[in-house]
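Step one of this worksheet: look at the structure below.
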Amino acid sequence: MRLATWNVNSLSIRLPQVLDWLAANPVEVLVLQELKLTDDKFPAQAFTDAGYHAQWHGQKTYNGVALLSKSPATDVVKNIPGFEDDHARVIAGTVEGIRVIGGYFPNGQAPGSDKFAYKMRWLDALREWVRGELAAHPSLVLMGDYNITFDDLDVWDPVGLRETIHCTTEERTQLQALIGLGLTDSVRLFPQPEKNYSWWDYRDLAFRRNRGLRIDHILVSEALKARATACAVDKLPRKNERPSDHAPVVLTLA
DNA sequence: ATGTCAAACCTCGTTTGA
């Protein structure tokens, strides 16, 4: 089975591309980020017609996440339990025995900013919640737009971007703390192209020049790591007209 | 050196966030 994550940067704008992508890539699970729509505007019927069950957690203008699955999701959770948050950033559900957590991690704007402090608090809360989820669900995947690079391999200009947002030691320490729970970066389990990124700024012809970052990740528990047979970024949708700035990442399980 | 996109609204330009 295949599971995927994609930050669509407005589902209203990107719905046709998501439906086209699902038709070409009929993954069992797809989590979406940055829906940028309220719950009443979610295109549930379009996904039903495409053969997907949907769970969603949206808000006006910003953020918003969804969980699409061929089999229905159970035990659905929206946002991090016990963590007060104005933003719709997390959706979780159990699909075919796998605990699926989709997240749109805070951007953080700049080190030292209020938004950076919020990012750190949010990551603390996420980690403690995921720790419990892992204990309850050995087969678990945590995927989405993390807005954090693991290391310089994930950065097109590691010198120029040293200690800037997405690349700071503080953020990377948080990411390693998630790994420390017993999770593994699926992409790095398999050989990858050089300069393998998942996001490219809309400006400066960044995609054409491959000036990107790998900030969209699929982390798997030990039980799922044992089942993983492939994981890759699908750059094709980034070549669409009016693309999202992010490309999907797809994990294949035996 | 510069080069974008999407949404909201005191709405057809400007601001905010990414």
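In this text the structure is predicted, and so the values were computed from the model without any measurement. Chain A is the first sequence line, chain B the second, and so forth, proteins listed ahead of strands; every chain is numbered from 1.
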Taking the side chain of [X] as heavy atoms from C-beta outward, which of [options] is closest to it?
X: A:R14; options: B:dC5, B:dT4, B:dA7; answer: B:dC5
X: A:Y62; options: B:dG3, B:dA18, B:dG17; answer: B:dG17
X: A:Y104; options: B:dA7, B:dA18, B:dG3; answer: B:dA18
X: A:T61; options: B:dA18, B:dG3, B:dA7; answer: B:dA7
X: A:I13; options: B:dC9, B:dA7, B:dG17; answer: B:dA7
X: A:N9; options: B:dA8, B:dA18, B:dA6; answer: B:dA6
X: A:R242; options: B:dA8, B:dA18, B:dA6; answer: B:dA6

Exercise. Is there a salt bridge (charged side-chain N to carboxylate O under 4.0 Å, His left out) between A:R188 and A:D154 once you walk through the steps?
Worked result: CA-CA 11 Å; A:R188 292 273 177 94; A:D154 293 343; 2.9 Å; yes
Using atom [atom1] of [X] as one end and atom [atom2] of [N] as the other, report the distance to the nearest whole Å.
X: A:Q59; N: B:dA18; atom1: CD; atom2: P; answer: 11 Å
X: A:L32; N: B:dA6; atom1: CG; atom2: P; answer: 16 Å
X: A:Q33; N: B:dA6; atom1: CD; atom2: P; answer: 17 Å
X: A:I148; N: B:dA18; atom1: CD1; atom2: P; answer: 14 Å
X: A:Y118; N: B:dG17; atom1: OH; atom2: C1'; answer: 13 Å
X: A:K41; N: B:dA8; atom1: NZ; atom2: C1'; answer: 12 Å

Exercise. Across the strands shown, which category fits A:D204 at heavy-atom distances under 4.0 angstrom: base, sugar-phosphate, nothing?
Worked result: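 Contact class for A:D204: base.
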Determine the interatomic distance between [atom1] on [N] and the same-named atom on [M]; round to the nearest Å.
N: B:dT11; M: B:dC5; atom1: P; value: 25 Å
N: B:dA8; M: B:dT2; atom1: C1'; value: 28 Å
N: B:dT16; M: B:dC10; atom1: C1'; value: 16 Å

For this session: May I ask you to check whether over 12 heavy atoms, not counting those of A:K41, lie within 6.0 Å of atom NZ?
Result: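 No.
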For this session: Find which nucleotide of DNA chain B each of A:L35 and A:R211 is nearest to by heavy atoms, and output the residue with the more 5' nucleotide.
Result: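 Taking each residue's closest nucleotide, the earlier one in sequence belongs to A:R211.
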Exercise. When the nearest nucleotide of DNA chain B is assigned to A:L205 and to A:Q109 on a heavy-atom basis, which residue is associated with the more 5' position?
Worked result: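 First, find each residue's nearest nucleotide; the 5'-ward one identifies A:L205.
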Exercise. So, do A:Q174 and A:D124 sit near enough that their side-chain heavy atoms are less than 4.5 Å apart?
Worked result: yes
Problem set entry | Side-chain donor/acceptor contact of A:R208 with base of B:dG3 under 3.5 Å |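 It does not, because no donor-acceptor pair links the side chain of A:R208 to the base of B:dG3 below 3.5 Å.
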Problem set entry | Salt-bridge criterion met for A:R214 and A:D185 (N-O under 4.0 Å) | yes
Seminar exercise, completed: Which of A:L32, A:N9, A:V18 passes side-chain contact (heavy atoms from CB on, under 4.5 Å) with A:S244? It is A:N9
